[in-house]
Amino acid sequence: MTLKRKVAVNIALAFSILFGLAATFIYISFSNFRKEEFKERLEEKALTTAKLLIEVKEIDKQLLKLIDHNTINKLYNEKTLIFDADYKLIYSSIDKNTAINWTKADLVKLNNKKPLFKEQNGKELLGIMFPFEQGDYYVLISAEDKYGYSKMEYLFYSLIITFLISIALIWTFTYYFIKKLLNPLDVFQQQITSISANELNLHLQENNSKNEINLLTKAFNQMLTRLENSFSTQREFTSNASHELYTPLTRIAFQLENIIHTEQHSETTLNYLNSINNDIHQIADLINSLLLLAKVNKEEMGKKFETVRIDETIFEANEIVKKINTNFYLNFEILASDEYENAMEVSGIHSLLLIAFTNLLKNALLYSSNDTATITINQISATILMVSIFNEGEIISQEEQNKLFEPFMRGSNSNNIHGSGLGLPIVKRILDYHNATIAYRSIQPNTNVFEVTFSI
């Protein structure tokens with residue numbers, strides 16, 4: 001789960017819980033308020049009925065029933081019982097089909113001068129003691145709070161609907177506002193993802209705000225500056241050191257060749273000089289590769305990409321390799337379809353791609369058992385171009401494949417083969433710069449395959 005989703009979910013969940021607790025508190029509070037209000041109405045009605053029966057002599061039981069049935073403040077399904085001091089029933093408004101469940105123990109409890117209130121059969125019962133001159137009287141009154149419960153039901157459904165609508169709005173708007181608030185973080189992530197090792201000179205856009213994202217951007221830019229300075233120092237040292245070493249080696253090689261070709265030597269001396277000359281050329285090739293790495297990282301970075309045809313680049317690389325070994329033979333196959341416009345064209349720097357494919361063909365020649373290589377160009381789609389280089393020879397072990405593109409890495413199949421171990425790292429560096437990939441696989445029993453994939 002992404003950060004903005006976690007924040008949105010946590011905030012929305014917190015609001016949901018708080019709103020749910022608030023709605024529950026409102027409902028419980030209103031329920032208690034309804035109960036207390038109805039209790040007061042029952043008590044008021046009970047006292048009024050008792051006073052009319054006991055204090056007003058002109059009112060008998062029948063007249064009191066008539067008053068109870070026609071009073072303005074009549075309670076729904078109201079029933080009243082009045083008892084004297086001896087717990088004898090002296091008045092009842094109960095019909096034949098209804099009843100109030102009571103016991104003498106309920107009346108005795110009223111002597112504590114505490115009202116009795118309970119619910120039974122969907123009705124609410126209130127019992128009170130009414131003191132009078134001739135003695136105490138006990139009143140039991142029962143009724144249904146029809147309108148109170150109706151209001152409670154209305155409140156319940158109102159709170160449920162409000163809760164559901166509010167939760168939906170809270171979750172929707174919380175996610176929207178969090179997404180908008182953290183949008184600079186998404187932009188920051190996209191920008192740092194697009195910065196490669198070849199683009200350390202690029203910096204993220206800063207502003208004058210003091211929020212955490214802008215502070216993070218400034219810190220990241222400072223880190224990029226330090227990395228760029230460090231890599232620049234390293235490249236300059238490699239370039240300068242390689243150049244200083246390459247110049248005297250070139251002079252030594254030139255002098256050795258003059259000595260070999262202009263003077264007469266014994267066979268032993270000549271073999272010895274040729275061996276030294278080969279070693280010097282090998283060291284010169286190594287230094288030249290180091291210079292090339294520095295060039296890929298520094299000099300070519302300022303050049304703009306142009307349209308490069310891969311087939312033409314491979315033909316040029318083939319001519320260069322043939323000058324090294326005239327016996328080298330290249331099988332060439334194009335699988336591109338006419339349906340794709342600008343097939344076999346990529347955006348890049350021609351000189352660098354020429355170096356990459358030259359190194360791949362040199363590698364195929366050096367590790368080939370028959371001085372032959374096969375290249376296929378496959379235009380898989382309008383945006384995907386794959387170049388595969390095949391050669392027959394000893395295949396590379398799985399352990400060595402994982403380190404194949406590391407500098408100075410040479411496999412077990414490189415015995416008695418001159419090389420520096422920098423050819424494939426240079427190829428990978430160039431392809432990385434072109435947002436292309438290279439991968440190795442083997443086909444049993446003895447076929448090596450390098451696959452270069454361009455995303456056009």
Side-chain angles (χ1 to χ4, degrees), residues 237-296 314-331 351 354-374 389-397 400 403-427 429 446-448 450:
F237 173 79
T238 303
S239 178
N240 294 334
S242 300
H243 182 75
E244 293 299 324
L245 290 172
Y246 188 76
T247 302
L249 282 174
T250 303
R251 288 199 298 264
I252 293 172
F254 180 74
Q255 293 172 4
L256 274 174
E257 288 181 359
N258 284 336
I259 294 173
I260 292 172
H261 293 96
T262 60
E263 298 181 11
Q264 296 294 325
H265 303 282
S266 65
E267 184 177 352
T268 302
T269 304
L270 187 62
N271 291 335
Y272 182 71
L273 291 175
N274 284 329
S275 177
I276 295 176
N277 191 37
N278 290 334
D279 291 339
I280 290 176
H281 278 292
Q282 187 175 350
I283 296 174
D285 288 339
L286 174 60
I287 295 174
N288 190 49
S289 297
L290 293 174
L291 282 170
L292 183 58
L293 278 175
K295 180 181 179 181
V296 171
I314 293 174
F315 288 144
E316 291 183 42
N318 181 42
E319 294 299 323
I320 295 173
V321 176
K322 274 191 174 182
K323 292 178 181 179
I324 300 174
N325 188 337
T326 56
N327 295 325
F328 178 65
Y329 180 75
L330 180 65
N331 293 314
S351 59
L354 179 60
I355 293 171
F357 283 107
T358 300
N359 281 355
L360 286 173
L361 290 182
K362 283 182 180 179
N363 186 78
L365 170 62
L366 289 173
Y367 294 93
S368 173
S369 59
N370 54 6
D371 293 337
T372 302
T374 301
I389 300 99
F390 302 81
N391 73 285
E392 293 183 6
E394 185 180 349
I395 63 175
I396 303 173
S397 66
E400 292 175 341
K403 302 178 181 179
L404 193 57
F405 299 101
E406 294 181 3
F408 304 105
M409 166 61 190
R410 305 197 72 201
S412 58
N413 62 343
S414 61
N415 295 331
N416 301 320
I417 297 177
H418 294 293
S420 62
L422 289 174
L424 290 178
I426 290 174
V427 171
R429 190 72 59 85
N446 62 345
T447 302
N448 298 286
F450 284 92

From [X] [atom1] over to [Y] [atom2], what is the distance, rounded to the nearest 0.5 angstrom?
X: Lys322; Y: Thr326; atom1: NZ; atom2: OG1; value: 9.5 Å
X: Asn370; Y: Asn327; atom1: CG; atom2: CG; value: 11.5 Å
X: Leu354; Y: Phe315; atom1: CG; atom2: CZ; value: 13.5 Å
X: Asn318; Y: Ile314; atom1: CG; atom2: CD1; value: 9.5 Å
X: Ile395; Y: Tyr367; atom1: CD1; atom2: OH; value: 15.0 Å
X: Asp371; Y: Phe328; atom1: CG; atom2: CZ; value: 8.5 Å

For [X] against [Y], the heavy-atom pair lying closest together:
X: Thr447; Y: Glu392; answer: OG1-CG, 4.3 Å
X: Thr372; Y: Asn391; answer: O-CB, 3.9 Å
X: Ala317; Y: Thr358; answer: CB-OG1, 3.4 Å
X: Asn448; Y: Gly393; answer: ND2-O, 3.6 Å

* Please tell me if the side chains of Leu360 and Phe357 come closer than 4.5 Å, counting only heavy atoms from C-beta onward. => yes
* To do: Could you check if a side-chain atom of Leu365 sits within less than 4.5 angstrom of a side-chain atom of Leu361, using non-hydrogen atoms only?
  => no
* For Tyr329, which residues count as a ring-ring contact (aromatic ring centres under 6.0 Å, His included) partner, sequence neighbours excluded? -> none
* Asked: Residues in ring-ring contact (aromatic ring centres under 6.0 Å, His included) with Phe450, at least two apart?
  -> Tyr440
* **Asn258: partners by side chain to side chain donor-acceptor pair (under 3.5 Å), with sequence neighbours left out** => none
